[in-house]
Amino acid sequence: MSLRSLQVCDKTQQNRPSHIKPIWEVDRYFKCPVIGTCFRIEELKKILKKSGICTRHLNAYQIHKAVMQMMGNENEVSRKVDISLKHRFRADLSEFANLEESEFVAEWKYHFEKGQITGLLWIAAVRSDLSGECLEHVFGDIHMLSHENVNDGCTLRQHLSGQQDANSSLAEKVKEARSLTRRFKKERNSLESDLNKLGRAYETLKREKEQIHKRLSDSEQNRLVLDLQAENSRLLAMAKEYEEKMRNYVHKLAFLEDENTRLVSDLERQQGLSSQLTNEVAKMVDQLPSLNQCDEQCPAFDLCAKRVLIVGGITKMQAYYRDLIEQKGGIFEYHDGYMNGGKRGLEGQVKRSDIVLCPVNCNSHGGCLSVKKLCQKHNKPVQMLSGASLSAISQAISRNIERN
């Protein structure tokens with residue numbers, strides 16, 4: 001261990017309050033939640049590397065396990081972990097380390113509902129003056145939250161797997177569209193070549209006609225002239241027939257090109273929606289701990305059968321919006337924000353709703369403008385949201401209930 005590390009360690013021990021334990025003295029059932037919640041795997045990997053432990057072939061669980069094996073006593077790894085925690089949560093330590101137990105429990109409940117528990121969890125683990133009842137309450141919340149996160153994570157992963165299958169199907173459609181485009185291009189080139197040949201043939205026939213008319217201008221009553229005129233008429237009819245076929249080919253080619261352009265546009269729009277949904281699902285996975293976990297004491301626990309209308313948002317997340325609102329006791333209604341059918345349907349939904357939410361980032365401009373006008377016309381409360389995530393919807397409903 002370097003001289004600088006010893007100096008930092010000594011300084012940390014001197015500044016530690018008397019009732020704050022180092023991490024290696026924390027009860028064993030608290031160490032795993034603290035390490036897993038307060039550190040990312042990359043941070044634990046760096047600590048092990050700096051302590052001379054090779055992590056090249058270790059997966060995430062093995063890295064976590066290697067750190068936990070070093071938490072039983074004071075050593076290079078446990079000191080680095082302890083110093084990192086104390087430095088990272090120094091503001092929380094100053095604010096919560098000396099609170100009375102009842103005040104600490106109240107702060108824990110408040111921050112747990114907000115999903116801001118990382119620093120408080122570490123402080124609860126290292127404080128030696130907290131009762132067993134208090135520690136059991138904190139550990140119980142963390143333990144049950146882990147179960148909820150596992151269930152929610154599995155659901156989201158299943159949904160993400162479905163999206164990945166859809167993406168594979170879209171990729172096949174892209175491949176087919178590209179193949180169709182190449183075939184259309186070959187057909188167009190062939191048609192253009194035929195058109196050029198017909199044009200040259202037409203010019204040749206035109207010149208021959210002029211030459212024949214010039215040679216036979218003095219003998220139009222001659223039988224040969226009549227025969228040539230008949231042949232000329234036949235050739236003109238053939239030319240007109242070829243021209244008609246050529247026009248049909250050109251129209252067919254234009255139609256196929258328009259259809260191909262529409263298919264490519266639909267495919268690109270679908271890929272954009274799929275990418276947005278994937279990003280949203282990933283964001284929800286990261287925000288799971290911050291979603292409201294209400295109980296009967298929370299003012300936003302019950303919507304009292306209020307009708308909540310969501311205009312816009314991510315259409316494929318409609319089932320998640322419904323579950324969120326109906327779990328709070330509300331009645332769910334949804335409008336995708338597109339105004340192709342006019343305002344009548346949207347106006348009817350606005351009139352019978354108690355709360356109207358409108359995410360502007362996943363909505364049409366006409367939909368947002370119509371929602372504002374209709375809510376003003378029928379005196380309905382409306383909230384224009386910057387995002388369409390479950391967290392944004394949940395927070396908007398909570399603010400509306402607390403305001404009313």
Side-chain angles (χ1 to χ4, degrees), residues 17 19-21 23 26-27 29-44 64 81-127 129-131 133-153 156 280-301 324 327-328 385-403:
H19 61 286
I20 298 299
K21 301 178 290 188
I23 188 64
V26 171
D27 291 340
Y29 56 84
F30 260 109
K31 289 178 183 177
C32 183
V34 169
I35 297 301
T37 303
C38 298
F39 290 95
R40 297 191 303 272
I41 291 299
E42 288 301 320
E43 293 173 332
L44 296 177
H64 176 81
V81 169
D82 190 65
I83 292 170
S84 177
L85 288 168
K86 192 170 184 297
H87 176 73
R88 181 178 305 182
F89 302 117
R90 57 188 181 279
D92 295 310
L93 188 64
S94 175
E95 183 177 357
F96 303 116
N98 296 313
L99 291 179
E100 294 294 332
E101 182 171 309
S102 60
E103 296 176 342
F104 182 83
V105 171
E107 291 291 340
W108 168 262
K109 290 180 179 179
Y110 173 77
H111 286 81
F112 183 80
E113 292 177 357
K114 287 181 160 295
Q116 302 169 348
I117 61 171
T118 311
L120 279 172
L121 174 61
W122 171 67
I123 292 174
V126 299
R127 281 186 61 168
D129 59 337
L130 296 178
S131 67
E133 182 181 357
C134 174
L135 295 177
E136 183 177 1
H137 175 75
V138 172
F139 181 77
D141 284 345
I142 293 297
H143 183 73
M144 297 311 299
L145 181 62
S146 67
H147 291 313
E148 294 175 4
N149 287 343
V150 169
N151 292 332
D152 293 342
L156 289 172
E280 181 64 22
V281 170
K283 186 186 295 182
M284 284 190 295
V285 173
D286 294 336
Q287 292 180 350
L288 278 175
S290 63
L291 292 176
N292 289 330
Q293 305 293 332
C294 299
D295 57 19
E296 289 82 358
Q297 304 301 320
C298 177
F301 177 73
L324 176 65
Q327 286 174 3
K328 293 178 177 290
L385 309 180
S386 60
S389 66
L390 290 178
S391 177
I393 298 296
S394 177
Q395 292 174 6
I397 292 173
S398 299
R399 286 196 300 270
N400 187 279
I401 295 175
E402 292 173 357
R403 188 182 303 118

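All values below were derived from every heavy atom in this structure, side-chain atoms included, with hydrogens, water molecules and symmetry-related copies excluded.
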Could you tell me the separation between the CD1 atom of Ile23 and the NZ atom of Lys86, rounded to the nearest 0.5 Å? 13.5 Å
Quick check for you: to the nearest 0.5 Å, what is the distance between Gln116 atom CD and Leu121 atom CG? 14.0 Å
Quick one: does His111's side chain have a donor or acceptor within less than 3.5 Å of a partner on Glu107's backbone? yes
Looking at Phe39, does the NZ or CZ of Arg88 lie under 6.0 angstrom from its six-membered ring centre and within 45 degrees of the ring axis? yes
Within the distance-only criterion (no hydrogens, no angle test), does the side chain of Asp92 pair as donor or acceptor with the backbone N or O of Leu120 below 3.5 angstrom? no
What are the two closest heavy atoms between Arg399 and Leu385, and how far apart are they? NH2-CD2, 4.2 Å
Roughly how far, to the nearest 0.5 Å, is CD1 of Ile35 from CH2 of Trp122? 11.5 Å
Taking every non-hydrogen atom, the tightest pair across Ile393 and Ala388: CG1-O, 4.4 Å
Scanning both residues in full, the closest heavy-atom pair of Phe89 with Gly119 reads CD2-CA, 3.5 Å
Heavy-atom nearest pair, Glu101 first then Cys134, reads OE2-CB, 3.5 Å
Roughly how far, to the nearest 0.5 Å, is CD1 of Ile123 from CZ of Phe104? 6.0 Å
Non-hydrogen atoms of His64 and Cys32 that approach each other most closely: NE2-SG, 3.4 Å
With a 4.5 Å cut-off on side-chain heavy atoms, are Phe112 and Leu145 touching? yes
Non-hydrogen side-chain atoms of Val126 and Leu85 separated by less than 4.5 Å: no
To the nearest 0.5 Å, atom CD of Gln395 lies from atom OG of Ser389 at 7.5 Å
Enclosure of Tyr110 OH (heavy-atom neighbours >12, cutoff 6.0 Å): no
Look at the side chain of Ser398 and the backbone N and O of Ser394, then say whether any donor-acceptor pair between them is shorter than 3.5 Å. yes
With a 4.5 Å heavy-atom cut-off, do Ile142 and Phe30 have their side chains touching? no
Any donor-acceptor pair under 3.5 Å linking the side chain of Arg127 with the backbone of Ala124? no
Between Trp108 and Asp141: side-chain donor-acceptor atoms closer than 3.5 Å: yes
Minimum heavy-atom separation for Ile20 to Ala97, with atom names? CD1-CB, 4.2 Å
